[in-house]
S.K.: 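Attaching a single structure in structure tokens format; questions to follow.
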Amino acid sequence: KIKAVIFDLDGVIVDTAKYHYLAWKSLADQLGIPFSERENENLKGISRMDSLNFILSLGDVQYMSQDDKMKLAISKNLHYLELITDLNREDILPGTLEWIQECKDNNIKIALGSASKNARRILESLDLIDQFDVIIDGTNTTKTKPDPQVFELAAKGLGVKASESVVIEDAYKGLEAAKNGGFYSIGIGDPEILNIADINLRSLSDADMNILEKL
Ligand code: BG6
Ligand code: MG
């Protein structure tokens, strides 16, 4: 029986995935590194530094000092924060509020499991921060998806087992993390890309919680 739902943030609760892409794209352009939306799929769910390292590898950059990498990561983040300054409740993705409400109505606990260090700020902009029983984000973790640490910490905080929890993710690596930790999963997005999810939906608005009976 499902006792908890663990939500990813970017691309599940709010459409910030596109702003992450725009900010990385402009950095890649500056560096003269070709970077497309298809390559961006690899960045979904991974940390800021891992994302930068991935882009540098696309540009065959052999070496860059930690200091210079840090500067690039900071500049990407400042650009990203600029892009999301006006983020508000209208940016919550369709179906999300209904799912949160249904969890509450059915006594199912909810947690956030995100790689982002901006997660709390974003939840505040969306006025959702008080809805979560537990929030685990990029400031609480030492390992990144596909390692299950972020979801394990969330389950531990909620006092539930992985096998009693379902993770909702838009990233392949996030779904791998769920699988690696023994969690059920729902993939939000292209079912061909997210083919390891237990359930695939284009959007949370395409189903209500009854779909969990399929698990
Ligand atoms: C994840 C996103 O949620 O957070 C990634 O899918 C992003 O694209 C990662 O790189 C880290 O985010 P932030 O906000 O700490 O740079
Ligand atoms: Mg995501």
Side-chain angles (χ1 to χ4, degrees), residues 5-28 35-58 69-85 87 91-93 95-96 99 111-126 128-129 132 135-151 153-154 166-179 183 185-190 193-194 196-197 200-204:
V5 175
I6 305 174
F7 293 81
D8 173 49
L9 175 69
D10 298 308
V12 168
I13 290 178
V14 64
D15 194 9
T16 37
K18 68 179 180 219
Y19 299 120
H20 276 295
Y21 170 65
L22 288 175
W24 284 125
K25 174 72 182 148
S26 106
L27 186 92
F35 179 62
S36 68
E37 265 186 90
R38 204 170 64 91
E39 281 136 1
N40 185 60
E41 276 308 310
N42 295 295
L43 303 191
K44 290 187 177 169
I46 69 171
S47 72
R48 199 179 302 166
M49 263 306 167
D50 288 351
S51 303
L52 175 62
N53 283 326
F54 182 84
I55 289 174
L56 294 176
S57 76
L58 287 178
K69 282 188 187 176
M70 203 57 98
K71 283 182 192 144
L72 291 180
I74 290 171
S75 102
K76 181 269 174 178
N77 193 50
L78 288 175
H79 184 194
Y80 173 68
L81 290 177
E82 244 170 62
L83 293 172
I84 62 166
T85 25
L87 208 69
D91 297 293
I92 297 174
L93 283 165
T96 306
W99 270 74
L112 189 86
S114 168
S116 174
K117 294 187 166 145
N118 296 304
R120 283 184 167 79
R121 175 199 295 245
I122 291 172
L123 288 179
E124 266 170 27
S125 311
L126 304 175
L128 282 182
I129 192 131
F132 289 85
I135 295 174
I136 304 293
D137 65 20
T139 66
N140 307 115
T141 52
T142 52
K143 298 176 195 161
T144 58
K145 302 170 187 176
D147 188 284
Q149 187 190 41
V150 62
F151 300 137
L153 290 173
V166 54
V167 164
I168 308 183
E169 262 290 351
D170 70 317
Y172 187 83
K173 289 200 175 70
L175 292 167
E176 275 186 304
K179 195 157 236 148
F183 294 84
S185 66
I186 301 179
I188 304 294
D190 185 340
I193 296 176
L194 306 178
I196 57 167
N200 285 94
L201 296 174
R202 290 271 172 190
S203 153
L204 273 182

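In listed order, ligands and their atoms are each counted from 1.
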S.K.: Give the residue, atom name and distance (to 0.1 Å) of the protein heavy atom nearest atom 16 (O) of ligand 1.
M.R.: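 Looking only at protein heavy atoms, the one closest to atom 16 (O) of ligand 1 is Arg48 NE, 2.8 Å.
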S.K.: Could you list which atoms of ligand 1 come closer than 4.0 Å to a heavy atom of Lys44?
M.R.: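 The list of qualifying atoms is 6 (O).
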S.K.: For Thr96 versus Leu93, what's the shortest heavy-atom pair and its separation?
M.R.: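 So the minimum-distance heavy-atom pair works out to OG1-O, 2.9 Å.
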S.K.: What do you reckon, does Gly138 put a non-hydrogen atom under 4.0 Å from ligand 1?
M.R.: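 No; Gly138 lies far enough from ligand 1 that no heavy-atom distance drops under 4.0 Å.
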S.K.: Atoms of ligand 1 less than 4.0 Å from Lys117 heavy atoms?
M.R.: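 Listed by number with element, the hits are 13 (P), 14 (O), 15 (O).
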S.K.: Is Trp24 close to ligand 1, meaning an N/O of one under 3.5 Å from an N/O of the other?
M.R.: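 No; the residue has no nitrogen or oxygen that sits under 3.5 Å from a nitrogen or oxygen of the ligand.
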S.K.: Quick one: nearest non-hydrogen protein atom to atom 6 (O) of ligand 1, plus distance?
M.R.: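 Result for atom 6 (O) of ligand 1: Gly45 N, 2.8 Å.
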S.K.: Identify, by atom number and element, the atoms of ligand 1 in contact range of Ser51, meaning under 4.0 Å from any of its heavy atoms.
M.R.: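 Listed by number with element: 10 (O).
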S.K.: Hey, which N, O or S atom on Asp10 ends up closest to the Mg ion (ligand 2)?
M.R.: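 It is O, the N, O or S atom of Asp10 closest to the Mg ion (ligand 2).
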S.K.: Closest N/O/S atom of Asp170 to the Mg ion (ligand 2), by atom name?
M.R.: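 Nearest N/O/S atom of Asp170: OD1.
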S.K.: Return yes when Leu43 approaches ligand 1 closer than 4.0 angstrom through a heavy atom, no otherwise.
M.R.: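 Within the 4.0 Å threshold, so yes.
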S.K.: Using a 4.0 Å cutoff against the non-hydrogen atoms of Asn118, which atoms of ligand 1 qualify?
M.R.: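 In order of number, 13 (P), 14 (O).
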S.K.: Does a salt bridge link Glu169 with Lys145, judged by any charged N lying under 4.0 Å from a carboxylate O?
M.R.: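 Result for this pair is yes, salt bridge flagged.
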S.K.: Would you find more than 12 non-hydrogen atoms of other residues, nucleotides or ligands less than 6.0 Å from Arg121 atom CZ?
M.R.: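 12 or below, so no.
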S.K.: Going by the angle between their ring planes, with limits at 30° and 60°, are His20 and Tyr80 parallel, tilted or perpendicular?
M.R.: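 His20 vs Tyr80 ring planes: parallel.
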S.K.: Heavy-atom contacts with Asp10 under 4.0 Å: which atoms of ligand 1 show up? List them by number with element.
M.R.: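 Reading through ligand 1 atom by atom, the close ones are 1 (C), 2 (C), 3 (O), 4 (O).
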S.K.: Using a 4.0 Å heavy-atom cut-off, which part of Ser116 comes near ligand 1: side chain, backbone, both, or neither?
M.R.: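 Looking at Ser116 and ligand 1, atoms from backbone and side chain both fall under 4.0 Å.
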S.K.: Closer than 4.0 angstrom: is that true for some heavy atom of Ala171 and an atom of ligand 1?
M.R.: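 Ala171 does not count as a contact of ligand 1 under the 4.0 Å cut-off.
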S.K.: Between Glu176 and Lys173 (salt bridge meaning N to carboxylate O under 4.0 Å), is one present in this structure?
M.R.: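 Salt bridge: no.
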S.K.: Just need the protein heavy atom nearest to atom 10 (O) of ligand 1, so name the residue and atom and give the distance.
M.R.: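 Answer for atom 10 (O) of ligand 1: Ile46 O, 3.0 Å.
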S.K.: Check Asp137 with Lys117, please: is the shortest side-chain N to carboxylate O separation under 4.0 Å?
M.R.: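 Result for this pair is no, no salt bridge flagged.
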S.K.: Can you tell me if CE on Met70 sees more than 12 non-hydrogen neighbours from other groups inside 6.0 Å?
M.R.: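 Check fails, neighbour count at 12 or below.
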S.K.: Do you see a donor-acceptor pair shorter than 3.5 Å between the side chains of Asn53 and Lys69?
M.R.: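 Checked: Asn53/Lys69 side chains pair up, N/O donor to acceptor below 3.5 Å.
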S.K.: Would you say Glu169 reaches the Mg ion (ligand 2) with an N/O/S atom under 2.8 Å?
M.R.: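 Glu169 does not place any N, O or S atom closer than 2.8 Å to the Mg ion (ligand 2).
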S.K.: On a heavy-atom basis, which atom in Leu27 and which in Ser75 lie closest, and how many Å separate them?
M.R.: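 In this case the closest contact between Leu27 and Ser75 is CD1-OG, 3.8 Å.
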S.K.: Sort out for me which residue in Leu175, Leu194, Ile196 forms a side-chain contact (heavy atoms from CB on, under 4.5 Å) with Ser185.
M.R.: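 The option that passes is Leu175.
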S.K.: As a test of understanding, state which of Asn118, Ile84, Asp91 forms a side-chain contact (heavy atoms from CB on, under 4.5 Å) with Thr16.
M.R.: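 The passing option is Ile84.
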S.K.: Relative to the Mg ion (ligand 2), which of the N, O or S atoms in Asp8 is the closest?
M.R.: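 Of all N, O or S atoms in Asp8, the Mg ion (ligand 2) lies closest to OD2.
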